[in-house]
Amino acid sequence: QLQLVESGGGLVQPGGSLRLSCAASGFSLGYYNIGWFRQAPGKEREGVACISISGDSTNSTGSVKGRFTISRDNAKNTGYLQMNSLKPEDTAVYYCAAESWTPKKQGVQPMCALYGMDYWGKGTLVTVSS
C-alpha cells in the first residue's frame, strides 16, 4: 500500500521549534519531489516548502523563509520540515506530498504545485499557542 505518514506535530509555544517527518511506504520517495503544505482553519491549503529529488533545489513560501527548512534523506525514505521561531499564525494541519517530476511537467508547471502532487499524507496538527 502506497502511503505517506507525517509525524512530529503538537503544541508548542511561540518562538519554539518542531521537526516534522514524512515517511513513505510502498514506494521509493527518492524518485519524487517532496512538498509540505498546510491548511489553517477556515483557509485554503497552501504550499510551505518544496525539495527536489536530489535535494539540490529547495523553495519556500515567503512567510516561512528563514524559519523553516525542508530536507530529505532518501536512504531513509523520509522527508523533513524543521520549523523554528514558530508563530501563532503557523497553526495548521501540515501535510506532506510527493510529486513525480515527469518531463511533461517540467517547464510547464512549478515544482510542488498543489494540483501536481501525486501522493498525500493525512496530515499532522501543529498548534502554536502560549
Side-chain angles (χ1 to χ4, degrees):
Q1 185 179 2
L2 308 179
Q3 61 177 355
L4 292 170
V5 179
E6 302 93 338
S7 61
L11 174 64
V12 63
Q13 292 186 339
S17 298
L18 284 174
R19 188 194 196 202
L20 304 184
S21 297
C22 172
S25 61
F27 69 104
S28 175
L29 200 54
Y31 293 104
Y32 295 80
N33 297 330
I34 300 171
W36 284 95
F37 300 80
R38 65 186 180 186
Q39 187 165 18
K43 294 188 177 180
E44 294 186 351
R45 192 171 299 189
E46 64 170 349
V48 175
C50 177
I51 187 167
S52 63
I53 292 170
S54 64
D56 59 0
S57 178
T58 64
N59 58 59
S60 59
T61 191
S63 62
V64 308
K65 282 188 187 297
R67 299 189 299 123
F68 291 12
T69 302
I70 189 171
S71 62
R72 65 190 300 157
D73 186 336
N74 289 341
K76 294 183 178 179
N77 221 24
T78 302
Y80 304 97
L81 185 68
Q82 177 67 42
M83 306 186 296
N84 299 328
S85 302
L86 282 160
K87 304 175 181 180
E89 52 263 44
D90 294 318
T91 295
V93 176
Y94 283 73
Y95 300 88
C96 71
E99 175 184 42
S100 177
W101 193 230
T102 62
K104 185 177 181 180
K105 293 181 179 179
Q106 297 173 30
V108 175
Q109 63 189 64
M111 286 198 313
C112 299
L114 187 67
Y115 52 84
M117 308 310 287
D118 296 288
Y119 302 109
W120 288 87
K122 293 183 178 180
T124 184
L125 177 62
V126 172
T127 304
V128 185
S129 175
S130 55

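Residue numbers start at 1 and run along the sequence shown. Computed from a predicted structure; not experimentally measured.
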* Asked: Can you say whether the rings of Tyr32 and Phe27 are parallel (under 30°), tilted (30 to 60°) or perpendicular (over 60°)?
  ->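 Taking Phe27 first and then Tyr32, their aromatic rings stand perpendicular (interplane angle over 60°).
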
Is there a continuous path of hydrophobic side-chain contacts, each under 4.5 Å between heavy atoms, that joins [X] to [Y]?
X: Tyr95; Y: Leu125; result: yes
X: Leu20; Y: Trp120; result: no
X: Val12; Y: Tyr94; result: yes
X: Val48; Y: Met83; result: yes

[X] side chain vs [Y] backbone, donor-acceptor pair below 3.5 Å:
X: Ser129; Y: Thr127; answer: no
X: Gln39; Y: Lys43; answer: yes
X: Lys87; Y: Gly15; answer: no
X: Lys105; Y: Gly116; answer: yes
X: Arg67; Y: Ser85; answer: yes
X: Asn74; Y: Asn77; answer: no
X: Asn33; Y: Met111; answer: no
X: Ser52; Y: Ser57; answer: yes
X: Gln13; Y: Val128; answer: no

* To do: Heavy atoms only: give me the nearest Ala40-Thr91 pair and the separation to one decimal.
  =>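 That closest heavy-atom pairing would be CB-O, 3.6 Å.
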
* Which heavy-atom pair separates Gly30 from Arg72 by the least distance, and what is that distance? ->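 For Gly30 versus Arg72, the nearest heavy atoms are CA-NH2, 3.8 Å.
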
* Distance-only side-chain donor-acceptor flag, Asp118 / Ser100, under 3.5 Å ->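 Asp118 vs Ser100: no donor-acceptor pair found between side chains.
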
* To do: Compare all side-chain heavy atoms of Val126 with those of Leu18 and state whether any distance is below 4.5 angstrom.
  =>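 They are in contact (side-chain heavy atoms under 4.5 Å apart), so the answer is yes.
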
Measuring from atom [atom1] of [X] to atom [atom2] of [Y], what distance do you get when rounded to the nearest 0.5 angstrom?
X: Ser63; Y: Asp90; atom1: OG; atom2: CG; result: 7.0 Å
X: Ser60; Y: Ile70; atom1: OG; atom2: CD1; result: 8.5 Å
X: Leu114; Y: Phe37; atom1: CG; atom2: CZ; result: 5.5 Å
X: Cys22; Y: Leu29; atom1: SG; atom2: CG; result: 6.0 Å

* For atom CD of Glu44, is the number of surrounding heavy atoms from other residues, nucleotides or ligands below 6.0 Å larger than 12? ->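 Count not over threshold, so no.
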
* Assess Arg19 against Tyr80: is NZ or CZ under 6.0 Å from the centre of the six-membered ring, and within 45 degrees of the ring's axis? =>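 Verdict for Tyr80: a cation-pi partner in Arg19.
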
